[in-house]
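Written out below as structure tokens is the structure these notes cover.
In what follows, chains are A, B, ... by sequence order, proteins preceding strands, each numbered from 1.
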There are 2 protein chains.
Amino acid sequence: MLDPISRVRRFNRAVTSAVGALDTSFLGRGRPLGAARVLNAIGHGRSDVAEIRDYLGLDSGLMSRLLRSLEDEGLIETTAHEDDARRRVAKLTRAGRREFAAYEALSNTQAKGFLDRHAQADALLAAMDLIASALTRDRIALDAMDPRSDEARYCLGEYYAELGRRFKQGFDVSLSRDPDAVDMRRPRGTFIVAMSDALPLGCVGLKGTDHGYAEIKRLWVAPAARGLGLGRRLMEAAESAARELGIALLRLDTNSALPEAGQLYRRTGWSEIPRFNDDPYPDLFFEKRV
Amino acid sequence: MLDPISRVRRFNRAVTSAVGALDTSFLGRGRPLGAARVLNAIGHGRSDVAEIRDYLGLDSGLMSRLLRSLEDEGLIETTAHEDDARRRVAKLTRAGRREFAAYEALSNTQAKGFLDRHAQADALLAAMDLIASALTRDRIALDAMDPRSDEARYCLGEYYAELGRRFKQGFDVSLSRDPDAVDMRRPRGTFIVAMSDALPLGCVGLKGTDHGYAEIKRLWVAPAARGLGLGRRLMEAAESAARELGIALLRLDTNSALPEAGQLYRRTGWSEIPRFNDDPYPDLFFEKRV
DNA sequence: GCATATATCTGACTTTAGTCAGATATCTTG
DNA sequence: CAAGATATCTGACTAAAGTCAGATATATGC
């Protein structure tokens, strides 16, 4: 009915008024919004004054005065940065932590109230994840991580669950050649996770072998991050990690039930090769020289 | 990985900064945000000063000054309301329409830029619709409309498409007993559409018959509005319309492939009855005395 | 060691937003 | 028609946000 642009603008109107309501609830604590924002930035772990100023987009004069007013309230303390005495570092006092917790409670209550009013919270959360990822796509960081870390294991769990849904015969990881974690750690390989804030949105493993090539394994992009080019970014990161590790030849296997994966490989310089392992799941095999 | 509340708050952070960016782009036109908002409200058809004030939540003094500043710029003209000379009515001048169009272009460019950067715009739009509907649920209006109106036809088209997806054998409306539009118009019946802004989110038809009962037909809720209790609201509206029209007995048919519909009927006082028509699609029949 | 760059702070502003108490004109109700 | 209600406007404020030009202290590069 509505055209796409009108639908985006309907969304904009809806969230603008919701955001305004949260700001108003923050004012209820008797402090101007500017000071509240600085306090919350510090509470969320931003201690460096220059970083806070940059994050909130404040003028240095204004920032200085907001810090002073929070200090006068006894909510923060500032000290010189240990490596550079020009910079200042702010931290919450005990009273500041209490006040920060009160703001957190307001935010959490608002969030919970929104979820509680909705009968199908899963669909709502999935939609929120998708939009938040799209809006912050430029801030998605690709970090090398241990494949045994919580973030990596979360990604792998989601990846296996998705294979189970998409393969007609399901997916049992114990039947697949599960790569040893050590093969996906430096110096034999690596494991890369795409993180948006604290939310893992995708992963890829580079698994070293003793056969003169390394394998790309476990490429996964969260449903909330599809359409952002994250698969391509992860593959590029894996290939450049391979180059750094002195690996010249890469191979991977995949399944034709995952057409978007095959398409990505074909578009980015991979060539199809004959089967090179006896894993029961894959039916497509690729190779690329990097 | 993240808990639901953190996911909502991640979304809040993401949209807060996006909304801020749009506001900043509005400032680029050299006018304070307050005045820009009033101008845009007038451009979007709100002419009554009291209505604008209420919509934007402004103090009457502030509102008056903002109107004066727009008048001084030559962007609007105000006249007395024709029925009530205390009230004022604002409208754009030629220059005002030009300036309004410039703000519209900024909003549209922002919306389009966001969509264009995303490879799967359909999923993104569906997510935005869902969230916008959840945020504005209290402003969803149920309006009686002609079943031949654009809004009604849009709903029916979506409804048929969904039946086609959910019935194993598909759905061909020409095989079903398509109700005559006149039977879903007063005084024989009615057709109700749930509207959120200009987006239709659901519908229900009350179809008069000559057999001593009326039928509920075409109950549909858009995917973007599921979980908001809209199905129940639509049914209540249809039942109360029936009461108004002096109809005492209601019947409906549905299909067990739509379990959420059957559940809704059972929970709201409908009792299952034997088949009362020879439509090939339904396999469940209900009745309710209102 | 000195010139230059950087991070923060202070003082002196301006603009924007918002509040509140009347004033004025008009409408509604009895 | 009078009394009260309502819509807008004006004047006189305050608070918050933001700007900008130095001042001060510290770091960095030659």
Side-chain angles (χ1 to χ4, degrees), chain A residues 16-17 19-21 23-42 46-73 75-91, chain B residues 16-17 19-21 23-42 46-73 75-91:
Chain A
T16 299
S17 78
V19 163
D23 281 354
T24 304
S25 85
F26 269 36
L27 282 178
R29 296 206 61 77
R31 194 171 292 107
L33 266 184
R37 275 197 258 269
V38 171
L39 181 71
N40 280 294
I42 298 169
R46 289 175 211 270
S47 52
D48 206 291
V49 167
E51 185 199 345
I52 299 169
R53 217 176 52 200
D54 190 54
Y55 171 67
L56 297 175
L58 297 174
D59 171 85
S60 68
L62 183 50
M63 177 74 198
S64 179
R65 265 177 274 266
L66 292 172
L67 285 174
R68 228 47 60 226
S69 87
L70 290 170
E71 261 179 347
D72 293 348
E73 280 195 88
L75 302 177
I76 64 166
E77 278 167 355
T78 63
T79 50
H81 191 285
E82 33 175 60
D83 299 338
D84 181 345
R86 292 171 304 182
R87 320 189 78 157
R88 303 234 97 201
V89 174
K91 62 176 241 216
Chain B
T16 300
S17 79
V19 162
D23 282 353
T24 305
S25 84
F26 269 38
L27 283 178
R29 295 207 61 76
R31 195 171 291 106
L33 267 183
R37 274 198 258 269
V38 171
L39 181 71
N40 280 295
I42 298 169
R46 289 174 209 269
S47 52
D48 207 292
V49 167
E51 184 197 347
I52 300 169
R53 217 177 51 199
D54 189 53
Y55 171 65
L56 297 175
L58 297 175
D59 171 85
S60 68
L62 182 51
M63 178 73 198
S64 181
R65 266 178 273 266
L66 291 172
L67 284 174
R68 230 43 65 224
S69 86
L70 290 170
E71 260 179 349
D72 292 348
E73 280 195 88
L75 300 177
I76 65 167
E77 278 167 352
T78 61
T79 50
H81 191 285
E82 33 176 58
D83 299 340
D84 181 345
R86 291 170 305 181
R87 320 188 80 157
R88 303 235 97 200
V89 174
K91 62 175 237 217

For A/D59, report the nucleic acid contact type (base, sugar-phosphate, nothing); a contact means any heavy atom under 4.0 Å. base
Given DNA chain D, 5'-ward residue of the pair A/S60 and B/V89, judged by closest heavy atom: B/V89
Out of A/L58, A/I42, A/L66, A/L56, which residue meets the side chain to side chain contact (heavy atoms under 4.5 Å, CB included) rule with A/R37? A/L56
Heavy atom of residues 27-37 of chain A under 4.0 Å from DNA chain D: which residues? A/P32, A/L33, A/G34
In terms of heavy-atom contacts, A/L33 and A/L27 come closest through N-CD2, 3.9 Å
Which whole-number value in Å describes the distance from A/D84 CG to D/dT28 C1'? 10 Å
What is the distance, rounded to the nearest whole Å, between atom CG of A/D48 and atom C1' of C/dT8? 12 Å
What is the separation between atom CG on B/L56 and atom C1' on C/dT16, rounded to the nearest whole Å? 15 Å
Quick one: pull up CZ in B/R65 and CG in B/D59 and give me the separation to the nearest 0.5 Å. 8.0 Å
Whole-Å distance, A/I52 CD1 to C/dA7 C1', equals 14 Å
Nucleotide C/dT8, atom C1' - distance to CG of A/L58 in whole Å: 14 Å
What's the shortest heavy-atom distance between B/R87 and B/A50, and which atoms? NH2-CB, 3.6 Å
In this structure, how many angstroms lie between the P atom of C/dC9 and the NE2 atom of A/H81, rounded? 14 Å
Would you name the heavy atoms of B/E51 and B/S47 that are closest together and state the gap between them? OE1-N, 4.3 Å
For the pair made of CZ in A/R86 and C1' in D/dA23, what is the distance, rounded to whole Å? 16 Å
Between A/R53 and A/L62, is a side-chain contact (heavy atoms from CB on, under 4.5 Å) present by the stated rule, with each step listed? CA-CA 9 Å; A/R53 217 176 52 200; A/L62 183 50; over 6 Å; no
Answer yes or no: is there a side-chain heavy-atom contact under 4.5 Å between A/K91 and A/T78? no
For the residue pair A/V49 and A/L67, what are the closest heavy atoms and their distance? CG2-CD1, 3.6 Å
Between the side-chain atoms of A/R88 and the base atoms of C/dT8, is any donor-acceptor pair under 3.5 Å? no
Determine the minimum heavy-atom distance between B/D48 and B/H81, stating which atoms define it. OD2-CD2, 3.5 Å
So does A/R53 get a side-chain nitrogen or oxygen closer than 4.0 Å to the phosphate oxygens (OP1/OP2) of C/dT8? yes
In terms of side-chain heavy atoms of A/L62, which of D/dA27, C/dC27, D/dG18 is nearest? D/dG18
Test item: B/S64 side-chain N/O and B/S60 main-chain N/O as donor-acceptor pair under 3.5 Å: no
So CZ of B/R68 and CE of B/M63: to nearest 0.5 Å the spacing works out to 9.0 Å
Rounded to whole Å, please give me the gap between CD in B/E82 and C1' in D/dA7. 17 Å
Exercise: identify the closest heavy-atom pair between B/L39 and B/L75: CD1-CB, 4.2 Å
In residues 63-72 of chain B, which ones come under 4.0 Å of DNA chain C, going by heavy atoms? B/R65
Between the opening five pairs and the closing five pairs of the helix from C/dG1-D/dC30 to C/dG30-D/dC1, how far apart are the helix axes, to 10°? 30°
Among the nucleotides D/dT8, C/dA7, C/dT19, which one has an atom lying closest to any side-chain atom of B/R87? D/dT8
